[in-house]
Amino acid sequence: MIVSAARLIEDKSVLMVGTQWPIIVSLLAMSLHAPGITICYEGGAVLGKVPDRIPFFTGDPVVNSSSVLMGNSFDTLGMVLHGGRADMALLSGASVDRYGNINTTCVGDYTSPKIRFGGSGGACDFGSLAPRTIIILEHDKRRFPEEVDFITTPGYLKGKDDRIRSGLRASTGPYAVVTTLGLFRFDEKGEMVLRAHNPTASVREVKEGVQWDLKVHKDVGPLDPPSEEELRVLREQVDPGGMYLREARLLKGREVVI
Amino acid sequence: MIVSAARLIEDKSVLMVGTQWPIIVSLLAMSLHAPGITICYEGGAVLGKVPDRIPFFTGDPVVNSSSVLMGNSFDTLGMVLHGGRADMALLSGASVDRYGNINTTCVGDYTSPKIRFGGSGGACDFGSLAPRTIIILEHDKRRFPEEVDFITTPGYLKGKDDRIRSGLRASTGPYAVVTTLGLFRFDEKGEMVLRAHNPTASVREVKEGVQWDLKVHKDVGPLDPPSEEELRVLREQVDPGGMYLREARLLKGREVVI
Amino acid sequence: MSKDKKLMPMSEAIDRYVADGDVLYLGGFIQQEPFAAGHEIIRQGKKDLTVSKCAALILVDQLIGAGVVSRLITTFTWNPLPTTAHCFVRAVTKQIPGEVEIEEYSILALNLAYFAGALDLPYVATKTILGSGFDGEQTDSGVKNRLRFETSPFNGERVCLVPPIKHDVGIMQVQRCDPFGNAQAWGMLGEVRYGLQSCDKVIICAEEIVDTDVVMRDPNRTLVPGFRVSAVVEEPWGSHPGPMAGYYDMDWPYHAYYEKETRTEGVFQEFMKKWVYHTRDRKDYLGLLGQERLEALRPENFESDPVSYGKLTSHFGVPYA
Amino acid sequence: MSKDKKLMPMSEAIDRYVADGDVLYLGGFIQQEPFAAGHEIIRQGKKDLTVSKCAALILVDQLIGAGVVSRLITTFTWNPLPTTAHCFVRAVTKQIPGEVEIEEYSILALNLAYFAGALDLPYVATKTILGSGFDGEQTDSGVKNRLRFETSPFNGERVCLVPPIKHDVGIMQVQRCDPFGNAQAWGMLGEVRYGLQSCDKVIICAEEIVDTDVVMRDPNRTLVPGFRVSAVVEEPWGSHPGPMAGYYDMDWPYHAYYEKETRTEGVFQEFMKKWVYHTRDRKDYLGLLGQERLEALRPENFESDPVSYGKLTSHFGVPYA
């Protein structure tokens with residue numbers, strides 16, 4: 001998933017990068033084929049290099065000493081993203097639906113939710129404004145409903161026409177979804193289409209992993225597995241402590257004593 | 001004029017200060033009875049002390065090393081003035097009319113002017129937004145037409161009702177005009193009224209110094225002449241080089257060789 | 001410049017400037033959060049507060065859990081590990097310890113609302129939010145916020161109008177401040193410049209109190225000018241367990257510990273007794289952490305090069321003085 | 001971060017990035033104006049430019065006098081002594097050397113227009129301008145600008161709507177910049193942050209070229225990030241006769257000299273021959289001033305205290321590396 005997503009990033013592009021998977025994906029791309037990308041975080045940071053330690057999240061204080069610009073959210077969400085200077089946005093999410101709408105708000109009705117998540121942060125802005133949004137998340141059938149309970153981040157809403165009707169710019173919208181099972185793109189109506197599957201997963205498995213009748217691209221096939229070089233850079237350079245690859249990241253399952 | 005205007009400034013008030021007379025007036029007040037005033041300039045400066053040399057104008061680089069905040073125009077014109085945190089604005093002007101409208105744009109029709117001045121700068125913002133605007137200018141009949149050719153800075157327009165109709169906030173507007181001949185205030189309709197005259201000028205002289213039938217306050221009388229202390233502080237502390245009091249300010253009449 | 005010194009202890013600042021029912025802005029975008037001030041608010045038992053915070057982390061979670069918050073204006077609320085903010089979730093899903101009304105936006109929209117609040121602009125039009133759940137008009141999501149949707153008179157496009165959000169009081173922890181309230185901050189500043197300025201009163205908590213000369217030697221670093229500030233509190237380590245650029249790292253294990261200690265209402269109350277109710281002030285709190293732990297949070301020095309603003313005492317080429 | 005070095009001589013930067021007919025933003029609010037760049041624009045005989053400048057002083061006056069400007073977006077134009085900007089006045093009142101269309105605002109309104117341009121916001125509503133001559137709707141003044149006036153859907157008040165102003169190219173002189181375009185500036189910054197960002201291309205002229213490490217040790221001082229910058233020109237003294245905080249004072253006698261040498265079209269042409277047409281580049285211009293004069297403009301040092309951003313190489317309390 002991390003490697004597949006990183007491969008979608010073109011060198012010299014300007015990226016809005018969200019918390020969680022987008023951090024490691026963008027830093028891997030920067031360390032591999034895309035050294036000239038510009039990484040922007042919602043709090044007002046423009047990175048100048050791969051940080052001295054991998055950020056836990058985009059507000060990690062390590063960003064303070066690894067940036068060429070530390071400013072306000074207007075500098076990144078405002079002038080880079082809303083201003084039309086970003087090429088791409090990278091996001092995680094709790095769930096994604098058939099038209100690429102993302103929910104990180106709640107399960108159930110918004111006013112009396114069964115489960116409540118953190119909320120949008122800048123995610124709604126990313127999805128509203130970026131020319132190409134890439135959504136990165138672990139595959140799990142519960143994360144792929146036909147229609148999300150709350151649109152935290154607009155994808156194509158009920159289809160591309162609906163997105164344009166809402167007033168969002170026609171040049172914007174979801175570009176790809178990358179999961180632990182495969183790579184998805186969107187058709188001319190804004191519906192998610194399986195474009196390639198992980199070498200270890202079949203098309204059938206992927207289809208069973210979503211809650212609607214998933215469209216499959218006519219040229220669907222397996223993704224190239226991560227190369228040795230990609231894995232080496234990921235494990236030795238980008239995340240040598242395995243923060244993003246092991247449970248250590250969440251400090252879960254360890255006894256926590258203060 | 002300088003001393004009379006300075007006396008109108010209350011201690012601890014927050015001032016938006018324009019170029020020319022307002023600079024010396026506000027610094028005189030700060031050096032006399034109002035040490036706790038906050039002086040803000042349109043380019044984004046909040047002064048921290050009387051500058052090391054008197055600023056020629058509010059963009060003078062001496063301001064860089066005499067301020068507690070140097071930011072953007074949004075910091076002063078935006079958050080202090082439009083945000084409703086200023087108590088008073090001090091302005092100069094090329095001409096002022098019966099209702100306190102100021103012209104610093106042109107003589108004649110705007111589209112084909114006979115004479116053209118610099119323009120608004122932040123003056124229009126001062127007059128539009130400040131709770132109390134004080135206008136300071138040399139008295140000269142040509143500077144006091146019944147109606148200005150162009151409203152660079154809105155006073156009461158054609159009267160207080162007209163100002164409110166325009167959408168400007170009811171709590172804002174001209175507070176006083178101070179000239180070399182006298183001190184003027186505004187009546188409930190927004191018309192200029194002579195409140196006091198310089199000890200060396202008669203009411204008749206002042207009335208002859210404007211192009212309309214000037215209203216005179218029933219309690220009109222002479223202003224107190226500048227005290228020795230006021231003059232000493234002005235001449236020895238605020239403007240020891242006499243930049244604002246002598247022709248040297250404009251470098252006029254001197255041979256200029258590069 | 002106002003010459004009133006505004007230095008006071010935290011207890012006095014909160015007592016004098018935060019009232020029950022106030023709309024409270026809490027500054028710091030992930031970094032520089034006013035934890036010490038928040039704990040004092042809880043200790044003083046303030047009631048019915050509206051808390052407005054662009055990025056709400058475990059400080060807001062504690063305020064909610066302690067029952068001082070009746071309304072929350074925000075873009076997200078979580079524990080930045082990242083994991084769940086349990087008190088927030090309990091309040092929203094089960095009204096424990098009480099009902100908290102939520103007014104939600106995206107970060108950019110809330111930044112624009114604070115910006116409009118700071119400048120008192122009638123509204124700002126944007127192309128974000130449209131079609132999302134925050135666009136109550138299009139999606140009928142049940143969201144409550146102040147946004148309106150209009151057709152642009154310039155080009156006929158559908159736009160989102162963001163009105164000002166203003167606050168009674170704003171509180172933020174910064175690196176340094178002079179006794180008159182001229183506050184300087186660096187690091188990730190998110191929405192804080194406009195958030196603070198959208199407040200009638202401002203309380204600045206600072207790692208260090210410095211002379212005004214320090215401020216005047218670098219006035220571009222000033223976040224908020226003194227005349228806008230009501231109180232200045234010297235409170236080193238006041239943002240722990242959050243980070244302060246140049247002063248301390250985020251205390252990650254504390255956030256994991258907090259996650260564990262807040263999973264139920266019961267354990268949360270024990271947590272609060274230990275860290276808030278049974279501490280009189282920040283000194284007590286820091287005592288619980290111990291000097292060794294604090295020192296381990298110190299980053300290596302990473303200093304800026306000084307810059308000169310230039311001192312000018314006479315007018316070049318012009319006779320003066 | 002983009003690793004393309006963008007350093008080039010002024011002549012190449014202007015030739016490559018400024019085209020006839022362009023809408024040009026010139027940065028610097030009174031301080032930090034790009035005089036050297038402006039002179040090169042004149043030397044290269046660019047035509048039909050729209051010049052957008054919040055505070056237009058004698059650089060804009062020279063551009064108008066030289067006939068390269070067909071439209072001016074501004075809030076005022078004068079010689080900051082203060083006295084008349086003669087070329088501007090000749091153009092407006094007598095169409096000498098040609099007609100210049102004027103689009104005028106107040107400073108706050110133009111700041112909002114640049115802000116809207118930088119963020120590509122549809123419009124921003126304000127309470128300034130209303131009823132003034134810039135409010136063409138109410139005063140029928142003949143002013144040409146892009147403002148519209150509406151009734152607020154929030155409270156029914158009359159408001160002024162400011163749409164975005166955008167530019168093809170922006171140019172500013174700053175204190176320091178790295179070879180990749182990460183530019184840092186201090187002093188009075190007026191509208192420049194948003195002005196520069198409302199441009200498709202940006203040319204940065206710098207007193208000094210510094211390593212990226214200098215920028216990364218103080219990233220809050222960055223005015224514009226490198227990826228937005230097309231060209232970087234090392235041009236010491238490039239803002240003379242205007243000031244540069246920490247580097248040189250305003251050259252007041254030069255402004256008086258300029259006033260005198262521009263009173264008629266004829267003497268202005270002689271002035272331009274000497275200072276612009278007969279100089280090949282900034283070095284020639286500085287040669288006319290002489291080293292002694294330049295040194296006299298240097299201010300005393302007035303240095304900021306360094307601040308630390310903190311270097312963090314491992315995660316506190318979390319096993320790493």
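These numbers come from the heavy atoms of this one structure, side chains and all, not from hydrogens, waters or symmetry mates. Here is the naming used below: chain letters follow the sequence lines, and residue numbers restart at 1 for every chain.
- Of all the listed residues (Pro306(D), Ser304(D), Gly187(D)), the one sharing the greatest number of non-hydrogen pairs under 4.5 Å with chain C is Ser304(D).
- Taking the ring centroids of Tyr105(D) and Phe134(D), they lie at or beyond the 6.0 Å cut-off.
- With chain D as partner, the option from Ser152(C), Ala116(C), Ala125(C) having the largest number of non-hydrogen pairs under 4.5 angstrom is Ala125(C).
- At least one donor-acceptor pair under 3.5 Å links the side chain of Ser239(C) to the backbone N or O of Glu33(C).
- Between chain D and the options Arg148(C), Met216(C), Lys127(C), the largest number of non-hydrogen pairs under 4.5 Å is found for Arg148(C).
- Counting heavy atoms from C-beta outward, Val232(D) and Ile209(D) have side chains that approach closer than 4.5 Å.
- Contact annotation for residues 156-164 of chain C against chain D (heavy-atom separation below 4.5 Å, listed by residue number): Val159(C), Leu161(C), Pro163(C).
- For the set Leu121(C), Val124(C), Val214(C), Asn155(C), the entry with the most heavy-atom pairs within less than 4.5 Å of chain D is Leu121(C).
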So Asn182(D) and Thr222(D), side-chain hydrogen bond (donor to acceptor under 3.5 Å, both in side chains) or not? Walk me through it.
CA-CA 7 Å; Asn182(D) 295 296; Thr222(D) 301; over 6 Å; no

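- At a 4.5 Å heavy-atom cutoff, Gln184(D) makes no contact with chain C through either its backbone or its side chain.
- Comparing Pro153(D), Pro219(D), Ala296(D) by heavy-atom pairs within less than 4.5 Å of chain C, the highest count is held by Pro153(D).
- Considering only heavy-atom pairs separated by less than 4.5 Å from chain C, the leading option among Val210(D), Asn301(D), Asp120(D) is Asn301(D).
- Using a distance-only test at 3.5 Å, with no hydrogens or angles considered, no donor-acceptor pair links the side chain of Gln175(C) to the main chain of Gly246(C).
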Walk me through whether Tyr194(D) and Tyr114(D) qualify under ring-ring contact (aromatic ring centres under 6.0 Å, His included).
CA-CA 5 Å; Tyr194(D) 302 108; Tyr114(D) 290 160; 9.4 Å; no

Where do Tyr247(D) and Glu208(D) land on the side-chain hydrogen bond (donor to acceptor under 3.5 Å, both in side chains) test, with the steps shown first?
CA-CA 10 Å; Tyr247(D) 288 74; Glu208(D) 296 186 59; 2.6 Å; yes

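- Contacts with chain C were tallied for Ser308(D), Pro299(D), Gly310(D); Ser308(D) has the most, counting heavy-atom pairs under 4.5 Å.
- Leu223(D) and Ala185(D) get closest at one heavy-atom pair: CD2-CB, 4.1 Å.
- For the pairing with Tyr248(C), the side chain to side chain donor-acceptor pair (under 3.5 Å) check across His240(C), Glu207(C), Arg298(C), Glu295(C) returns one residue only, Glu207(C).
- Neither the backbone nor the side chain of Met188(D) comes within less than 4.5 Å of any heavy atom in chain C.
- Between chain C and the options Asn220(D), Leu297(D), Leu312(D), heavy-atom pairs under 4.5 Å are most frequent for Asn220(D).
- A ring-centre distance under 6.0 Å is not found for Phe35(D) and Trp275(D).
- Residues passing the side chain to side chain donor-acceptor pair (under 3.5 Å) test with Ser198(D), sequence neighbours excluded: His167(D).
- Contacts of Phe149(D) with chain C are absent, with no heavy-atom separation under 4.5 Å from either backbone or side chain.
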